[in-house]
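Below is one structure, written out as structure tokens; the observations come after it.
Being a predicted model, the structure only gives us computed values, none of them experimental.
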Amino acid sequence: MSKKKFIFAAVGVVLAGSAALLYDAGRDAGPAFIDPADHMLVVKGKAIYTNNCAACHGEALQGQPNWRQRLPNGRLPAPPHDKTGHTWHHPDAMLFDMVKNGLVPGKTAPPGYESDMPAYAGMLTDEEIVAVLAYIKSDWPPKVLQAQKEVTLQRRQ
């Protein structure tokens, strides 16, 4: 691995960890583990995802190209939501908050962070957001889903 890639990866880990810690410090318990085993919820979530999320995050949850490289405006492209991204590193309450309220610096993102992620509070109901997250999680392999479940349950304690 090149030195530049190593440094970028290290910065990414620090940013993700910082966001999780900041979020953890000021959150309520949030939704319990969102189980993608509910087929009807996943079907509903897929339709909502297709209409509201796929334009940025990709039809196959693949995200935008070069999602780890900043754009000319300093912002990052939309990340993938499949197993190759970092979505599964976050507890469900944080994922829910990110969709509902967008990335909020000092809460779900590091202070000063700017993002193109919109807040869907006025467009989607809480139940629709849960359905989208169930759909996203339905694509993850069992080991990834189990790791994300553990993160979610640990944050609820």
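Here the NZ-CG distance, from K137 to L41, works out to 10.0 Å after rounding to the nearest 0.5 Å. Rounded to the nearest 0.5 Å, atoms CD1 (I129) and CE (M123) are 9.5 Å apart. Between the CG atom in N51 and the CD atom in E128 there is a gap of 10.5 Å [rounded to 0.5 Å]. Note: T108 OG1 to Y113 OH = 10.0 Å, rounded to the nearest 0.5 Å. Separating the CZ atom in R70 from the CG atom in L76 is a distance of 4.0 Å, to the nearest 0.5 Å. S138 contributes atom OG, which lies 7.5 Å from atom CG of L61 (distance to the nearest 0.5 angstrom).
Between the side chain of E59 and the backbone N or O of A54 there is no donor-acceptor pair closer than 3.5 Å.
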Going through the checks in order, is the side chain to side chain contact (heavy atoms under 4.5 Å, CB included) test met by S115 and R75? CA-CA 6 Å; S115 172; R75 296 179 180 187; 5.7 Å; no

Please evaluate residues L95 and T87 with respect to the criterion side chain to side chain contact (heavy atoms under 4.5 Å, CB included), reporting the C-alpha separation (whole Å), side-chain torsions for both, the decisive distance (0.1 Å), and the verdict. CA-CA 8 Å; L95 297 175; T87 307; 3.7 Å; yes

Evaluate side chain to side chain contact (heavy atoms under 4.5 Å, CB included) for L153 paired with E150, printing each intermediate quantity in order. CA-CA 5 Å; L153 297 178; E150 289 171 13; 6.0 Å; no

Test side chain to side chain contact (heavy atoms under 4.5 Å, CB included) on V151 and H89 and set out the steps. CA-CA 7 Å; V151 168; H89 293 111; over 6 Å; no

Apply side chain to side chain donor-acceptor pair (under 3.5 Å) to the pair D92 and Q148, showing each step before the final yes or no. CA-CA 8 Å; D92 284 347; Q148 194 272 336; 2.7 Å; yes

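Side-chain contact check for P77 versus Q69: every heavy-atom pair is 4.5 Å or farther apart. The side-chain heavy atoms of D82 and W88, taken from C-beta on, include no pair separated by under 4.5 Å.
Among residues two or more places apart in sequence or in another chain, the ring-ring contact (aromatic ring centres under 6.0 Å, His included) test is passed with Y49 by Y135. Qualifying side-chain contact (heavy atoms from CB on, under 4.5 Å) partners for P141, counting only residues two or more places apart in sequence or in other chains: K83, V144. For D126, the side chain to side chain donor-acceptor pair (under 3.5 Å) criterion is met by K100, not counting sequence neighbours.
Shown here for P36 and V42, the closest heavy-atom pair between the two residues is O-CG2, 3.2 Å. The two atoms that bring M117 and H57 nearest to each other are SD-NE2, 4.3 Å, heavy atoms only. The shortest heavy-atom contact between P105 and G112 is CB-N, 3.6 Å. Nearest heavy atoms, T152 versus H90: OG1-O, 4.4 Å.
In this structure, the ring of W67 has its center less than 6.0 angstrom from the ring center of H86.
Hydrophobic clustering, with ILVMFWY side chains joined whenever heavy atoms are under 4.5 angstrom apart, groups F33 together with L133.
Of the candidates I136, V132, I48, L124, V132 is the only one forming a side-chain contact (heavy atoms from CB on, under 4.5 Å) with C53.
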